[in-house]
Number of protein chains: 2
Amino acid sequence: MGMEKVTMADVARAAGVSKSTVSQYLNKRYEYMGEKTRQKIEEAIKTLGYQPNFLARSLKQKRTSFIGIIVANITHYFSTEVSRAIEDFFHQHDLQAIVCNADDDPEKEKKYIEMLRAKQVDGLIIFPTGQNHDLYKNMVEQGYPVVFMDRKVEESLNVFSILTDNTESTYKAVQRFIDKGHKHIAFVVQPLRVSTRLDRLEGYKRALNDAGIEINPDYIVEADIPDMKAKLERLFSMELKPTALFAANDRAFMAVVEFLKEKKIQLGEDLELIVFDNIPFAHLLDTPISFIIQPAREMGFKAAELLYGQIKQEDRTPEVFVFPSKMI
Amino acid sequence: MGMEKVTMADVARAAGVSKSTVSQYLNKRYEYMGEKTRQKIEEAIKTLGYQPNFLARSLKQKRTSFIGIIVANITHYFSTEVSRAIEDFFHQHDLQAIVCNADDDPEKEKKYIEMLRAKQVDGLIIFPTGQNHDLYKNMVEQGYPVVFMDRKVEESLNVFSILTDNTESTYKAVQRFIDKGHKHIAFVVQPLRVSTRLDRLEGYKRALNDAGIEINPDYIVEADIPDMKAKLERLFSMELKPTALFAANDRAFMAVVEFLKEKKIQLGEDLELIVFDNIPFAHLLDTPISFIIQPAREMGFKAAELLYGQIKQEDRTPEVFVFPSKMI
DNA sequence: TTGTACGCGTTATCAG
DNA sequence: CTGATAACGCGTACAA
């Protein structure tokens with residue numbers, strides 16, 4: 001059953017023609033091809049069960065029809081939504097997406113970028129950790145097709161980026177809390193290493209400032225997920241407990257909900273909650289939580305389109321696209 | 001800025017050695033290599049910014065270090081959990097996973113299988129639609145590494161498969177309903193085209209039979225998602241409304257919950273619910289729903305391990321692994 | 001219309 | 001220890 005790989009040469013031999021003729025046939029250039037040779041080739045291919053080897057073709061053509069997506073955190077629902085949109089787009093153009101998970105680790109990110117480039121993928125869409133500046137710069141300068149997604153890289157780099165209006169959306173959400181009479185508003189966030197979190201915090205602070213409310217650092221909880229419970233414990237043991245809470249992303253939200261359940265703190269009564277992130281099944285909940293939703297599919301499509309343009313060599317100057325979120 | 005691709009030949013020239021020597025260096029075979037040549041090569045690589053081309057290597061070695069995962073439905077949370085486990089496993093072995101979404105469409109599945117094989121991926125893990133028997137057979141007979149996941153393919157094929165104990169788990173769940181006194185138990189499912197759904201239905205029927213309850217076909221709702229609401233409407237307008245409901249997977253579950261919300265039917269009071277599927281954030285809900293959870297990560301790891309064994313040519317006879325689910 | 005010869009960037013073999 | 005030389009499977013001028 002060994003069934004040795006059958007190559008173009010085998011087909012040519014079986015059909016009694018040369019390799020180039022077979023190649024012509026495969027690439028549908030049968031304008032100048034005899035009807036009889038065409039049929040012979042067709043038959044030979046069928047009987048031998050020939051399958052072209054795209055690897056060899058890619059080597060020659062310098063295109064693999066693969067693109068890479070490097071997400072910072074694959075358990076982040078928003079990232080998977082974006083990835084699916086990107087995949088859908090490229091599927092229509094016969095390119096395949098390879099999704100890699102950098103786990104918010106700059107080293108891993110570096111490894112993946114290098115690996116995917118070594119494997120000659122045609123372009124990259126990256127949710128950057130932000131810590132590999134030289135690498136980003138290198139790609140851009142070499143004219144390698146790349147689009148950054150969700151998080152900012154250094155301003156100095158002239159690149160295509162897709163972002164959300166983090167600061168503005170947060171500002172409006174917090175404003176809403178204030179309008180409802182809340183004065184003690186907490187902000188819960190993972191470590192402030194990436195632009196999204198910083199921008200959201202910025203929106204929170206500005207909203208308080210503009211409303212003349214003093215910013216109380218004790219209401220700002222910054223922690224890694226494992227430490228979050230302890231910090232929340234402290235937050236809710238203050239004399240002036242928060243009456244409203246802004247969770248800066250889905251992980252923070254989950255930590256908060258688990259904590260509240262444990263402490264039997266009632267949502268809507270003791271505490272109001274707004275979450276910045278897309279949450280699966282959110283519409284099934286009937287708890288009084290507001291969500292700030294990012295238009296993941298649109299963002300994904302846009303990124304894909306921009307990358308595709310670069311791959312197709314359509315010259316266009318890099319630009320930053322900011323998408324508005326909406327609150328539900 | 002053009003920065004033409006620098007190849008091994010360039011490095012060799014710059015270092016004043018031959019390509020083969022550079023190749024040796026890259027593959028860390030410097031046992032018999034002069035210290036000075038080693039340094040010259042190292043320097044040349046650095047100054048030229050040389051990056052090996054894995055494509056060319058793959059062509060020669062007949063291994064790409066890519067494996068493919070073809071999921072039937074990528075919006076299915078269970079599938080993504082499994083996929084992540086597979087990715088994690090292969091990442092440890094320096095292989096990358098390419099995830100493709102067949103959308104439960106046999107044509108798409110066929111296209112992906114052919115495409116991935118043409119691109120010479122080293123092996124495939126497939127959530128099969130079940131409709132491409134010849135293709136499956138072909139792979140198996142050619143000794144191509146492949147593992148089937150979640151759904152059965154025809155018995156006649158001697159292949160590695162990973163399954164859940166669909167029938168047994170459903171049996172037990174329905175039994176639980178019966179023990180609680182329920183007599184009118186509905187079963188809601190998408191079209192019965194795949195083994196998982198059929199097996200679950202089988203469990204439902206057996207449980208009723210064994211309890212001496214007659215099977216009422218009107219309580220079995222089989223519909224595509226778009227039609228499901230209409231059919232549920234009919235189900236709940238029967239004189240004898242169901243007091244318990246078994247949702248055969250996540251999509252069915254969502255349709256049911258949306259319907260219930262609309263009709264203001266209270267879970268726990270008017271109706272009890274069991275869902276066969278892993279649902280994200282399920283533990284955050286405090287509604288009285290039971291879930292049958294499949295051990296996605298374990299299943300993914302097992303599949304990965306089995307595929308890896310085949311890729312590494314460890315001979316082992318194909319086997320079917322059935323994992324137990326658990327109810328929470 | 002078809003065939004020859006070479007290139008794509010590596011690795012494997014084997015002689016020196 | 002190092003270097004020719006021939007693969008790997010396909011695409012493509014160019015010649016016939």
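Chain letters run A, B, ... following the sequence lines, proteins first, then strands; residues in each count from 1. Owing to the predicted nature of the structure, the values given are computational and were not obtained by experimental measurement.
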Which whole-number value in Å describes the distance from [X] [atom1] to [N] [atom2]?
| X | N | atom1 | atom2 | answer |
| --- | --- | --- | --- | --- |
| B:R57 | C:dG9 | CZ | P | 15 Å |
| B:Q51 | C:dT10 | CD | P | 11 Å |
| B:D10 | C:dG9 | CG | P | 9 Å |

Report which part of the nucleic acid [X] touches: base, sugar-phosphate, or nothing (heavy-atom distance under 4.0 Å, all strands).
| X | answer |
| --- | --- |
| A:S23 | base |
| A:M8 | sugar-phosphate |
| B:S58 | nothing |
| B:K19 | base |

Checklist entry - With a 4.0 Å cut-off, would you call B:R297 and B:D88 a salt bridge? => result yes
Item to check | Sidechain N-carboxylate O distance under 4.0 Å for A:R151, A:D104 | outcome: yes
Checklist entry - Side-chain donor-acceptor pair under 3.5 Å between B:S18 and B:T21, yes or no? => result yes
Short side-chain N/O contact from [X] to OP1 or OP2 of [N], under 4.0 Å:
| X | N | value |
| --- | --- | --- |
| A:S20 | C:dT4 | no |
| A:S18 | C:dG3 | yes |
| B:Y25 | D:dC1 | no |
| B:T21 | D:dT2 | no |
| B:N53 | C:dC8 | no |

Nearest to the side chain of [X], which nucleotide is it out of [options]?
| X | options | result |
| --- | --- | --- |
| B:V17 | C:dC6, C:dT10, D:dG3 | D:dG3 |
| B:K60 | D:dA6, C:dT2, D:dG3 | D:dA6 |
| B:Q61 | C:dT11, D:dC10, C:dC8 | C:dT11 |

Checklist entry - Can you tell me if B:E87 uses its side chain to pair, donor with acceptor, with the backbone of A:C100 under 3.5 Å? => result no
Checklist outcome for this item: Separation between CD1 (A:I74) and CG (A:D103), nearest 0.5 Å, reads 9.0 Å
